[in-house]
Amino acid sequence: VSRRAAAWLVAQLVAIGVGIWLGTLIVEAVAG
Amino acid sequence: MRIDPTTGAAVPSPERPAVPVAKAVAAVVLAAGVACAITVVFLAMRRVMDIGGACASGGPFVPVQPCPEGVPGLLVGGIILGLAMAFAYAWVTLSAGIPGFAWLMWPALFGALGWNFIDYGVSPPDGGDPVWGWLVCGVVFFLMALLPLGLGVLAFRRPEATRLRTAAGLPPARRDAPATADGAGADPPAGAEAASVVDALERLAALHRGGAISDAEYEAAKRQILSGGLA
C-alpha cells in the first residue's frame with residue numbers, strides 16, 4: 001500500500017469513527 | 001504533492017494527478033455520514049427489538065405496541081440519508097481515484113443489522129427461549145453481507161489471471177480474442193483456413209469469368225475447394 005493510499009484510508013477511518021460517535025449522540029438525543 | 005527545496009512552493013507529484021479539494025473533503029465528510037447513518041439505524045433497530053421487534057405509530061387504529069419516541073424517524077431518515085450518502089461517497093471516491101471503503105458499506109449495513117438479529121435471537125429481551133425467526137433473519141443478513149465480498153474477490157482474481165497469461169506469453173482467453181471478419185470465431189487456424197477457401201473461390205470465379213476454364217471445369221474445381229482438396 002502506497003503512503004498516499006495509507007493516508008487516505010487513515011483519514012477515512014478517523015471520519016468513520018467520528019460518524020459512529022455522532023450517530024450514537026443523535027440516537028441518545030432523539031430517542032433518549 | 002511535494003515541496004520544491006529551492007522555491008519552497010508546493011509541486012504536485014508528476015505521476016499522479018492531484019485530487020480536487022472539493023472531492024477530498026466530500027469523501028471524508030461522506031464517509032463520516034455513512035458511518036453515522038449505519039450507526040443510527042443499528043441503534044434504532046435495537047430500540048425496537050427491546051420492545052419485542054415490532055411497533056406502530058399513527059394511522060386510524062390505536063397501536064397495541066407504540067414505537068419508542070423518535071425511533072421511526074431515526075430509522076426512515078437513517079436509511080434514506082444513508083443510501084443517498086453511500087451513493088455519493090461511492091461516486092466521489094471512484095471518480096477521483098480515492099482509495100476508500102465503498103465496497104465495505106453493504107457488508108457493514110447488513111452485518112450490523114444481522115448482528116442485532118443474532119444477538120436478540122440468542123438472548124431475547126424477555127429472557128425466554130431463543131427466537132428462531134430472528135436467528136434465521138440474522139443468518140440471511142450475514143449471507144447478504146458476505147455475498148458482495150465474495151463477488152469482490154472474484155472481480156480481483158479475473159484481471160490477475162489475464163495478467164499472468166500475458167506475462168507467461170500465453171494467448172488471452174477465447175472470449176477476449178477479437179472475432180474475425182468472416183465470423184468464423186476467435187480461433188486463428190480456423191479463421192485462416194476459411195479465408196484461404198474464400199480466396200481460392202474468388203480466384204476460380206475470376207478464371208471462369210475470363211473464359212480460362214469451362215463451366216464443367218469450374219464446377220468440378222469449386223467442389224474440390226469446398227471439400228478441402230485445393231484450399
Side-chain angles (χ1 to χ4, degrees), chain A, chain B residues 1-2 12-13 15-19 23-48 50-51 55 67-78 81-82 85-86 89 92-93 96-105 108-109 112:
Chain A
V1 179
S2 70
R3 285 177 57 190
R4 175 180 177 273
W8 268 116
L9 295 179
V10 169
Q12 290 176 81
L13 279 175
V14 172
I16 288 170
V18 172
I20 292 172
W21 174 69
L22 270 179
T24 309
L25 285 187
I26 289 172
V27 173
E28 283 297 321
V30 174
Chain B
M1 189 78 74
R2 64 184 175 83
S13 303
E15 72 277 7
R16 198 189 297 274
V19 174
K23 283 192 174 180
V25 173
V28 174
V29 171
L30 288 170
V34 173
C36 179
I38 291 177
T39 305
V40 166
V41 173
F42 173 80
L43 293 176
M45 177 181 169
R46 294 180 74 86
R47 299 296 171 97
V48 175
D50 279 334
I51 58 168
C55 65
C67 292
E69 179 75 23
V71 165
L74 288 174
L75 277 173
V76 174
L81 287 177
M85 288 189 290
Y89 173 77
V92 166
T93 51
I98 299 171
F101 297 99
W103 56 277
L104 199 57
M105 290 186 297
L109 175 64

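Every chain is numbered from 1, with letters handed out A, B, ... down the list of sequences.
- Within the structure, salt bridge (Lys or Arg N to Asp or Glu O under 4.0 Å) contacts touching residues 10-32 of chain A (residues at least two apart or in different chains) are A:E28-B:R47.
- Contact count versus chain A (heavy atoms, under 4.5 Å) is highest, among B:V71, B:L74, B:V34, B:V28, for B:L74.
- In terms of heavy-atom pairs under 4.5 angstrom with chain A, the leader among B:G73, B:A44, B:A32 is B:A32.
- Heavy-atom pairs under 4.5 Å with chain B were tallied for A:L22, A:I20, A:I26; the largest tally goes to A:I20.
- Counting only heavy atoms from C-beta outward, the side chains of B:V19 and A:W8 approach each other to under 4.5 Å.
- For B:A24, the parts lying near chain A are the backbone and the side chain together; criterion is any non-hydrogen pair under 4.5 Å.
- When all heavy atoms of A:T24 and B:L43 are compared, the pair lying nearest together is CA-CD1, 3.8 Å.
- In this structure, the separation between SG on B:C36 and CG on A:L25 is 9.0 Å, given to the nearest 0.5 Å.
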**OP:** Determine, step by step, whether A:L9 and B:F101 satisfy the side chain to side chain contact (heavy atoms under 4.5 Å, CB included) criterion, reporting the C-alpha distance in whole Å, the side-chain angles of both residues, the deciding distance to 0.1 Å, and the verdict.
**Re:** CA-CA 8 Å; A:L9 295 179; B:F101 297 99; 3.9 Å; yes
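- A:Q12 contributes a side-chain N or O that, together with a main-chain N or O of B:P99, makes up a donor-acceptor pair within less than 3.5 Å.
- Contacts between A:V18 and chain B at a heavy-atom distance below 4.5 Å are absent for every atom of the residue.
- B:A31 and A:A15 make their closest contact through CB-CB, 4.4 Å (heavy atoms, listed as atom of the first residue, atom of the second, distance).
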